[in-house]
Amino acid sequence: MKLRYFAWVRERVGKPEEDIEVPPGVTTVGELMAWLAARGEEYAHAFANPQVIRAAIDRTHVEPQTPIKGAGEIAFFPPMTGG
Amino acid sequence: MKLRYFAWVRERVGKPEEDIEVPPGVTTVGELMAWLAARGEEYAHAFANPQVIRAAIDRTHVEPQTPIKGAGEIAFFPPMTGG
Amino acid sequence: MTVLSTVRLQREPFDAAAEAAKLTRGRSDVGALVTFTGICRGDEAGEPIAALTLEHYPGMVEAEIERHVQEAKERWPLLGVTVIHRYGRMVPGEDIVVVVTTSSHRAAAFAAAEFLMDYLKTRAPFWKQVEKAGEKTWVEAKATDDAAAGRWNAGGRQAAE
Amino acid sequence: MTVLSTVRLQREPFDAAAEAAKLTRGRSDVGALVTFTGICRGDEAGEPIAALTLEHYPGMVEAEIERHVQEAKERWPLLGVTVIHRYGRMVPGEDIVVVVTTSSHRAAAFAAAEFLMDYLKTRAPFWKQVEKAGEKTWVEAKATDDAAAGRWNAGGRQAAE
């Protein structure tokens, strides 16, 4: 599964994207964030406040409870500030 | 007192402006319209529907009950359609 | 803070883009620029028209628009306002009116431009006549325009739909 | 009736006036043209900034904006919609985004332009970073922008103030 990070999530994780194997017990976007936060200091910093982090699966906005099964690309980023 | 007419009020009256002597009993904008309507066929046509006619005294919108005392210029016109 | 404001009545065409540019040139406090252009359409009430003639009340219309520009500046934190309205004869495709508003943020710029357009449609002393199949007819005022203008009364902004 | 729509993401500056002109040229059904331009200000949260850098999610942002342009076209009787959003580094005074909407009547053009801007501010995957006194900081999302965007949900348009 491909993960992508944007803005300060990208800066904290230290890379724009990576391919990872997600263990079978991790089934939702929220669980994925919790699992990532335990992967190391940079991830713990990036996902310290999971409630402010937004996610998209295959380029569509999703919620923490959304299942990740079948996802090709999951992106994590802060609240958007365009316009 | 100077009267000015615009749009179809002007067309029906047949002139853009005129100077008139208003008799002392005519004290409000509404009374002036009623008095004008009795001045002849063209005025009767112009002021047949006084409730749709708007008025301004010295270039400020006024209501039928507004007194005309001291007015320099009174204008009559249909509802506005600018923009 | 310099608040620029311009009100102009004219027979000649105007350049809406040039007017908009005047409100932003050389300054870095403008974050939002709204330009509304009203254009002469080729139809009125479903029938084709050949031209539009706008009559106005000289003297009154400039003062009235100025007053509403002042009101807009009091209601919203604007950095600039331009209103240019043409009179005389125009054919379909020609610009009739432009309202430009600038502000630090978009909400004020949008609200002020809509407020001024609602006002121009209903209370500024202009009257439109259209030429349809060789006949000239006066355009009737629309109840929807009055409703749109009414939403700015009684304090805050109301839903318009 | 031809409804034109354009969505573009680009690093280079755009010409807002030229984009607006494309939606009116050679047609006489457009009565109202709204152009909103968002400009890089020289300050952010009261402090001067040297520049702004916009990061975006390529692929997602185009699709998301297209989807909202479609929604705008379903909600209002539009004749044209153009959205151009820049990414990369910009200095104060440079244009960031332009939204152009055209319709027969002004209410639809204004509403659609505001709807699209509220969306771009809050839901399109863009992130702003500013350079203040040599330091780069990410701009925080504003609650007022979320509230503005929220008014388009649940059917009709709600008061935004």
Side-chain angles (χ1 to χ4, degrees), chain B residues 1-20 28-30 32-33 36-37 41-83, chain C residues 7 9 36-41 44-45 52-68 83-88 90 95-99 113-130 136-146 148-149:
Chain B
M1 186 176 287
K2 186 177 186 176
L3 298 189
R4 298 185 71 171
Y5 310 112
F6 292 96
W8 55 252
V9 178
R10 170 180 55 70
E11 287 182 339
R12 291 179 185 183
V13 170
K15 51 189 136 188
E17 56 182 74
E18 61 184 323
D19 286 296
I20 53 151
T28 67
V29 169
L32 177 57
M33 283 199 270
L36 285 166
E41 213 174 286
E42 64 276 33
Y43 291 93
H45 184 209
F47 293 95
N49 250 326
Q51 69 277 10
V52 305
I53 299 195
R54 310 297 174 93
I57 291 184
D58 295 329
R59 302 172 179 186
T60 297
H61 291 294
V62 293
E63 299 299 320
Q65 63 273 21
T66 305
I68 60 173
K69 197 168 180 234
E73 175 175 304
I74 304 186
F76 293 104
F77 40 78
M80 288 71 79
T81 54
Chain C
V7 172
L9 267 279
F36 175 88
T37 313
I39 301 166
C40 179
R41 279 180 299 123
E44 169 65 32
L52 183 75
T53 301
L54 261 153
E55 180 170 333
H56 71 297
Y57 186 168
M60 179 168 170
V61 77
E62 296 88 334
E64 273 275 302
I65 297 175
E66 281 286 5
R67 204 162 55 78
H68 284 79
V83 177
I84 302 173
H85 204 302
R86 291 176 65 197
Y87 57 87
M90 288 154 236
D95 292 348
I96 302 169
V97 58
V98 66
V99 170
E114 284 194 79
F115 165 80
L116 288 168
M117 280 310 307
D118 285 346
Y119 157 70
L120 289 169
K121 282 273 173 186
T122 55
R123 296 280 292 171
F126 287 108
W127 301 274
K128 275 191 188 127
Q129 194 178 46
V130 292
K136 292 188 177 186
T137 53
W138 292 98
V139 174
E140 281 193 47
K142 286 196 198 104
T144 51
D145 283 332
D146 282 336

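Residue numbers begin at 1 in each chain, while the letters A, B, ... track the order of the sequences.
The shortest side-chain heavy-atom distance between C:Met60 and B:Arg4 does not fall under the 4.5 Å cut-off. No side-chain heavy atom of B:Arg59 sits under 4.5 Å from any side-chain heavy atom of C:Glu64.
Of the possible polar contacts, one joining the C:Lys128 side chain to the B:Gly83 backbone as a donor-acceptor pair under 3.5 Å is found.
With a 6.0 Å radius and a threshold of 12 heavy atoms from other residues, nucleotides or ligands, B:His61 has its NE2 atom above the threshold. Crowding of B:Glu41 atom CD: a count of heavy atoms from other residues, nucleotides or ligands under 6.0 Å not exceeding 12. Within a 6.0 Å radius of CD in C:Glu140, other residues, nucleotides and ligands contribute 12 heavy atoms or fewer.
From C:Lys136, atom NZ reaches atom CD of B:Glu11 across 8.5 Å, with rounding to the nearest 0.5 Å. Taken to the nearest 0.5 Å, the OH atom of C:Tyr57 stands 5.5 Å off from the CZ atom of B:Phe6.
Of all heavy-atom pairs spanning C:Val139 and B:Thr81, the tightest one is O-CG2, 3.5 Å.
The aromatic rings of C:Trp127 and B:Phe77 lie tilted to each other, with the angle between the two planes from 30° to 60°.
Of the two parts of B:Ala56, only the side chain, counted from C-beta on, holds a non-hydrogen atom closer than 4.5 Å to a non-hydrogen atom of chain C. Residue contact with chain B, scored on non-hydrogen atoms closer than 4.5 Å, involves the backbone of C:Ala124 exclusively.
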